[in-house]
Amino acid sequence: MATSQSEVEKLVHREYKHGFVTDIEQETLPPGLDEGVIRTISAFKGEPEFMREWRLSAFRHWQTMSEPSWAHVSYPPLDFQSISYYSAPKTREQIEAEAPKSLDEVDPKLLETYDKLGIPLHERARLAGVAVDAVFDSVSVATTYKDKLSEHGIIFCSFSEAVREHPELVRKYLGTVVPPGDNFYASLNSAVFSDGSFVFVPKGVRCPMELSTYFRINASNTGQFERTLIVAEEGAYVSYLEGCTAPMRDENQLHAAVVELVALEGAEIKYSTVQNWYPGDEEGRGGIYNFVTKRGECRGDNSKIAWTQVEAGSAITWKYPSCVLKGDNSVGEFYSVAVGNNCQQIDSGTKMIHIGRNTRSTIISKGISAGRANNAYRGLVKVLPTAKGARNYTQCDSLLMGDQCGAHTYPYIEVREPSAQVEHEATTSKIGDDQIFYLLQRGLSEEDAVNMIVSGFCKEVFSELPMEFAVEAQALLAVTLEGAVG
Amino acid sequence: MLKITDLHAEVDGKPILKGLNLEVGSGEVHAIMGPNGSGKSTLCQVLAGRDGYQVTSGSVSFEGQDLLAMAPEIRAREGLLLAFQYPVEIPGVKNVYLLKAAYNAQREHRGEPEVDAFEFLQLLRERTRIMKMDESFLHRGVNEGFSGGEKKRNEILQMLVLEPKLALLDETDSGLDIDALKVVSEGVNTLRGEDRSVVLVTHYQRLLDHIVPDFVHVLSDGRIIKSGDKSLALELEANGYQNVVEAA
């Protein structure tokens with residue numbers, strides 16, 4: 001029977017199923033970073049002066065900073081001068097002049113790529129009623145359902161377009177949640193961000209569909225620096241889905257995205273992620289470094305921000321989607337499944353900063369480690385003296401598969417308000433041979449048995465995902481853990 | 001149905017079964033009794049194919065096939081079900097979900113299409129009623145937070161749904177109160193039929209008041225030392241194992 005260690009090794013040796021490179025002409029800046037590069041990026045994108053200056057001041061700040069080293073991850077030092085900071089499919093002129101108005105105008109090869117990934121853009125968009133703003137490498141190439149959204153006054157476009165078309169909104173909100181000097185990678189992103197998504201839901205509007213972006217890193221040796229900004233005005237609601245997958249390659253790829261969410265009074269933002277970037281080979285070589293800053297601010301009273309994430313890919317994940325609960329009675333939620341196999345390293349968690357009165361936060365974190373992966377939960381619950389009656393509930397569960405992986409939990413709790421209630425529960429368990437045998441004895445295959453046990457473990461998180469995403473997430477988990485039985 | 005010939009098996013290098021012979025015909029109910037440590041549970045685990053239970057010699061044929069050559073999941077799909085002595089919890093996995101997956105795995109093995117969701121639910125409801133279980137059980141995590149008695153009932157519910165050709169009940173009666181014992185027995189009796197066989201492993205004769213066996217065997221030190229009809233169980237109850245063991 002296949003529960004022995006050697007069997008685990010054998011089964012864990014699977015190939016990354018989404019490993020291929022699309023052959024599309026790239027326009028790429030030579031490697032290196034200085035003010036000139038930043039001015040070039042800004043000029044390429046035809047940005048207004050404020051944007052350029054914002055980038056430059058972030059860059060100057062970044063130069064004074066050093067890489068954080070506190071995370072439970074290890075990797076060779078990064079050479080930021082060896083990274084190319086801009087890459088666009090085809091040429092800039094083509095993108096500027098011929099930005100596709102519909103899917104018919106999108107490069108068929110790109111659509112083919114989506115098909116390989118099992119993301120039939122057209123079908124998904126039309127049948128499922130999902131508007132997809134597809135970020136291919138650094139420039140958005142397809143936006144659908146824009147018209148329908150604009151009927152409601154909703155803006156959903158690439159970040160570049162937002163800078164051009166809605167500079168006043170970008171200027172008003174950009175960097176107000178994650179300031180340009182927030183941390184090393186956020187500063188770098190602020191200086192060189194390539195593109196990303198912008199969502200604006202006006203007062204009182206409930207976004208009629210899930211908004212979805214599929215990210216894809218496709219240019220060799222190109223760092224990708226996405227910038228996403230979502231603003232929900234008073235009483236507005238939006239659910240945003242982000243899913244990613246990447247082609248196989250040898251060089252390490254740095255990915256340092258920034259996501260900012262702003263919820264005004266009574267607004268609600270749901271942000272869901274399924275992340276499946278290339279994790280590297282069995283030794284972890286060549287995988288994506290995913291150093292991401294995600295933060296939401298419940299700026300108004302009675303507002304709510306919920307992060308749901310399924311993190312399955314990347315060689316290293318360094319990511320703490322957080323909520324700043326400023327408004328009274330505001331609610332922050334974090335539901336996470338982080339799964340690591342082979343040599344993947346994950347240091348992830350959340351920060352809940354309670355500022356307003358009666359603010360509430362929930363943290364449900366599920367970490368799964370297989371192979372030689374290391375999985376750390378790092379979470380901060382901070383209750384400021386202003387947050388009378390604040391409450392937090394944290395549940396942090398780790399599941400181990402095999403005996404060569406690691407799970408670590410680093411909870412930080414800072415409470416400066418005596419009326420606050422903070423609860424923390426943590427468990428660590430191993431997938432038991434007895435559980436697997438029980439299911440085998442009911443006729444399930446070993447893989448189905450493991451998938452079933454893992455899905456059960458993650459249920460509380462999956463149930464927070466939008467339906468189709470939950471199905472995808474379950475499939476992704478199955479692929480990631482294929483045969484990793486311990 | 002089942003023919004065990006001179007079966008030797010060990011756990012961690014320690015011999016437990018030492019030349020066990022047993023033949024179970026179609027439609028028969030056999031009870032295996034014996035003192036602690038005689039190898040009753042080991043026999044169940046070996047038949048179900050649990051890792052770590054090494055068969056060193058002997059053979060087992062199940063419906064004419066070499067059972068020991070089959071992977072555990074194939075044994076299950078071929079119609080061998082073990083009702084566990086200590087059913088494990090699988091948190092977050094709904095009972096109904098497991099039942100459906102198991103049912104379909106069996107159907108697929110037989111080359112049949114997946115069961116229609118509606119039909120399956122009908123079947124489940126009916127079986128749940130036999131076990132006097134509330135339907136809400138179907139939507140709870142597999143054995144999650146179940147009492148000992150509920151877990152045992154759940155095992156029999158799975159048996160009723162999967163309708164095995166051969167059911168092995170490993171001390172299903174232990175930890176049951178008298179009412180639960182009746183329900184569980186009813187469940188087993190419902191399954192009895194010409195083409196289905198049951199092997200009961202038990203310490204106590206009281207289960208055999210409810211599920212009347214065709215044969216009773218005494219297992220001691222890894223071998224069956226005495227076989228008889230249901231009166232043997234009464235004799236054991238009255239005089240203990242010692243006499244039988246010594247006589248053998």
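Every heavy atom of this structure was used, including side-chain atoms; hydrogens, water molecules and symmetry mates were not.
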Do other residues, nucleotides or ligands put more than 12 heavy atoms under 6.0 Å from the CZ atom of A:Arg391? no
Looking at A:Gln435, A:Gln441, A:Lys459, which one has more heavy-atom pairs under 4.5 Å with chain B than the rest? A:Gln441
Does a sphere of radius 6.0 Å around CG in B:Asp195 hold more than 12 heavy atoms from other residues, nucleotides or ligands, not counting ones at 6.0 Å or beyond? yes
Heavy-atom cut-off 4.5 Å, strictly under: side chain, backbone, both or neither for B:Leu82 against chain A? both
Minimal non-hydrogen separation, A:Gly443 against B:Ala76, with atom names: N-CB, 3.4 Å
Side chain / backbone / both / neither for B:Tyr97 at chain A, heavy atoms under 4.5 Å: both
Contact between A:Leu444 and B:Leu98 at the side-chain level, heavy atoms closer than 4.5 Å - yes or no? yes
When only pairs under 4.5 Å are counted, which of B:Leu99, B:Leu80, B:Val142 shares the most heavy-atom pairs with chain A? B:Leu80
To the nearest 0.5 Å, atom OH of A:Tyr438 lies from atom CD of B:Gln158 at 3.5 Å
Tell me, yes or no, whether the heavy-atom count around B:Glu112 atom CD, taken from other residues, nucleotides or ligands under 6.0 Å, exceeds 12. yes
Between A:Arg442 (side chain only) and B:Ala102 (backbone N and O only), is there a donor and an acceptor less than 3.5 Å apart? no
Let me know if B:Pro164 has heavy atoms under 4.5 Å from chain A in its side chain, its backbone, both or neither. neither
Starting at CG of A:Leu440, measure out to CG of B:Asp51 and round the result to the nearest 0.5 Å. 9.5 Å
Is the closest side-chain heavy-atom distance between B:Arg77 and A:Ser445 below 4.5 Å? yes
Once you measure the plane-to-plane angle for A:Phe437 and B:Phe84, does it fall in the parallel (<30°), tilted (30-60°) or perpendicular (>60°) bin? perpendicular
Flag if over 12 foreign heavy atoms under 6.0 Å of CZ, A:Arg360: no
If you count heavy atoms of other groups shown closer than 6.0 angstrom to OH of A:Tyr393, is the number above 12? yes
Interface residue of largest heavy-atom contact number with chain A, from B:Gly141, B:Ala105, B:Pro91, under 4.5 Å: B:Pro91
Give, for atom OG of A:Ser455 and atom CD1 of B:Ile90, the distance between the pair rounded to the nearest 0.5 Å. 12.0 Å
The interface call for B:Ala48 against chain A, heavy-atom contacts under 4.5 Å, is both
Around B:Glu114, counting heavy atoms of other residues, nucleotides and ligands shown, do more than 12 lie under 6.0 Å from its CD? no
